[in-house]
Structures are given as structure tokens and as C-alpha cells.
Amino acid sequence: MVATARAVVCLSFCLAVCQVRGSHIPVEMNRTIQNLLQHYRIPREERYNRKPVFSREPLTGKMEAQKVFMGGVLETYEKLLGHMLKQLPTPSPLTTELPNAILIHDAGTGTNKDVRVKLSYILKKVQDLRRHRYQEQEKLLQNLQALKHIEMENLVVQSKALWELPWLYEEASSLSDNIIKQRRRRRQARRAKNHP
């Protein structure tokens, strides 16, 4: 009996000290999001229609791809939250309500000023996370976006691209080979560890 109680206490302590997945969102941020959801209320059928805004499929791939995808998601959230802030009416005696959201002033969300403060708080949290943990991914995304703007019709660009192709092709091939070699080494190390 004492051993069971001790095990439960130890497990509780471990769970309290070691953060469990899903507990990375600060309590204040979670509360703010819940309050904002009261302001931006939509029917249940629309919220749970199995069509998320952000696909979760990229999160099942490799860690590098997941981080790049999350960097893009955070950038999109910054833009979305900024857009939501711009949509809010400016404080004035007569405010017009948003056509796409049902404003509920007595359901814990308060005034548009309160909503603005809450959206600004969430935006700052997203910006901080992106700035502190996703800088490398942000640079990669910027480089990927720059690829979209290459002038395909420009003769100088075409010639320079052909000139750079051998080097880039070799880099791409060796990068792929290095990844395959790393996987092979890991498998061999695991086998050696399991079969002494």
C-alpha cells in the first residue's frame, strides 16, 4: 500500500516537473484564446467540419520538414492575427460590427478594445515563439519564396541558371547521398548495439 502511494506521488511529481506534450501553451494564452473564441463564434458544424485551416499531414514527416512547415504556419498566424486586428473597428462612439464575426460584449470578451488587447497579446506570443525558435526556418522560407520570383523569361537569368546547374546538381545529389549514408550508419550502429 505504501509502495503504491509512493509510486503515485513520484509519478505526479515527474509529471509536474517534466512538461507533458500539450502543456507548452501558457495558461494565460490559453485563457485568452478561449475568450477570443467567444468573440469569433462560429457554428459547431463549421468548426468541426474536418477541414482544418492548417493541414496536419506535414507534421507526420521528418523533423526538418516539420520545423520548416511550423515556421510557415507561425508566419501565416502573424499575418492572420494582424489582419484580424486591422478588421476591428477603431474606437469611436458608434462602432460598426464585423460582418464575419458575431460580437458578444457580455459573454466575457468585453469591448472591441478588450479584443484588440487580447489579439495583440496572442500576436506577441506567436512572434516571440517564431523569433526565438524558428529563425533558421524563417530564412529558409524567405529563400523558398524568392525562388517563386525568378524571372523565367530573362535571358541573363536563363544563362546564369545553366552555368550554376552543375554545381547545384552535384550539391543536391551529395545531400541526398549523405542522408542515405546517415540512415545506413544509424541502422548499422543499432544492429551492432543489439548484437554484441
Reported [atom1]-to-[atom2] distance for the pair [X] and [Y], which is rounded to 0.5 angstrom:
X    : Y    : atom1 : atom2 : result
R31  : K118 : CZ    : NZ    : 10.5 Å
L37  : T32  : CG    : OG1   : 11.0 Å
N143 : E138 : CG    : CD    : 11.0 Å
E28  : K125 : CD    : NZ    : 9.0 Å

Q) Quick one: does Q135's side chain have a donor or acceptor within less than 3.5 Å of a partner on R131's backbone? A) yes
Q. Side chain of Q137, backbone of K67: donor and acceptor closer than 3.5 Å?
A. no
Q: State, with a plain yes or no, whether a side-chain heavy atom of L81 is found less than 4.5 Å away from one of L85.
A: no
Q. Are any of the side-chain heavy atoms of P58 and Q66 separated by less than 4.5 Å?
A. no
Q) Quick check: are there more than 12 heavy atoms from other residues, nucleotides or ligands sitting under 6.0 Å from NE2 of H132? A) yes
Q.
Is it true that, when you exclude R56 itself, more than 12 heavy atoms of the residues, nucleotides or ligands shown sit nearer than 6.0 Å to its CZ?
A. no
Q: For Y121, enumerate each residue passing the ring pair (Phe, Tyr, Trp, His ring centres under 6.0 Å) test, keeping only those at least two apart in sequence or located in another chain.
A: none
Q: Before giving the answer on side chain to side chain contact (heavy atoms under 4.5 Å, CB included), spell out for Q38 and Q34 the whole-Å C-alpha distance, their side-chain angles and the decisive distance to 0.1 Å.
A: CA-CA 7 Å; Q38 291 298 312; Q34 296 308 313; over 6 Å; no
Q) Can you name the closest pair of heavy atoms from V126 and Y77 and give their distance? A) CG1-CB, 4.1 Å
Q) Minimum heavy-atom separation for P89 to R116, with atom names? A) O-NH2, 3.3 Å
Q.
Test of understanding: with side-chain contact (heavy atoms from CB on, under 4.5 Å), list the residues that count as partners of E75, not counting sequence neighbours.
A. K79, R130, L141, Q145
Q: Start with the C-alpha distance between V68 and Y134, add both sets of side-chain angles, then the distance that settles side chain to side chain contact (heavy atoms under 4.5 Å, CB included), and finish with yes or no.
A: CA-CA 8 Å; V68 170; Y134 289 89; over 6 Å; no
Q) So M84 and L123, side chain to side chain contact (heavy atoms under 4.5 Å, CB included) or not? Walk me through it. A) CA-CA 10 Å; M84 291 165 73; L123 177 60; over 6 Å; no
Donor-acceptor pairs under 3.5 angstrom involving side-chain atoms of residues 152-165: please list them, not counting sequence neighbours.
residue, atom, partner, partner atom, Å
N154, OD1, V156, N, 2.9
N154, ND2, E151, OE1, 3.1
Q158, NE2, M152, O, 2.7

**Q.** side chain to side chain contact (heavy atoms under 4.5 Å, CB included) evaluation trace for V53 with T76
**A.** CA-CA 11 Å; V53 175; T76 304; over 6 Å; no
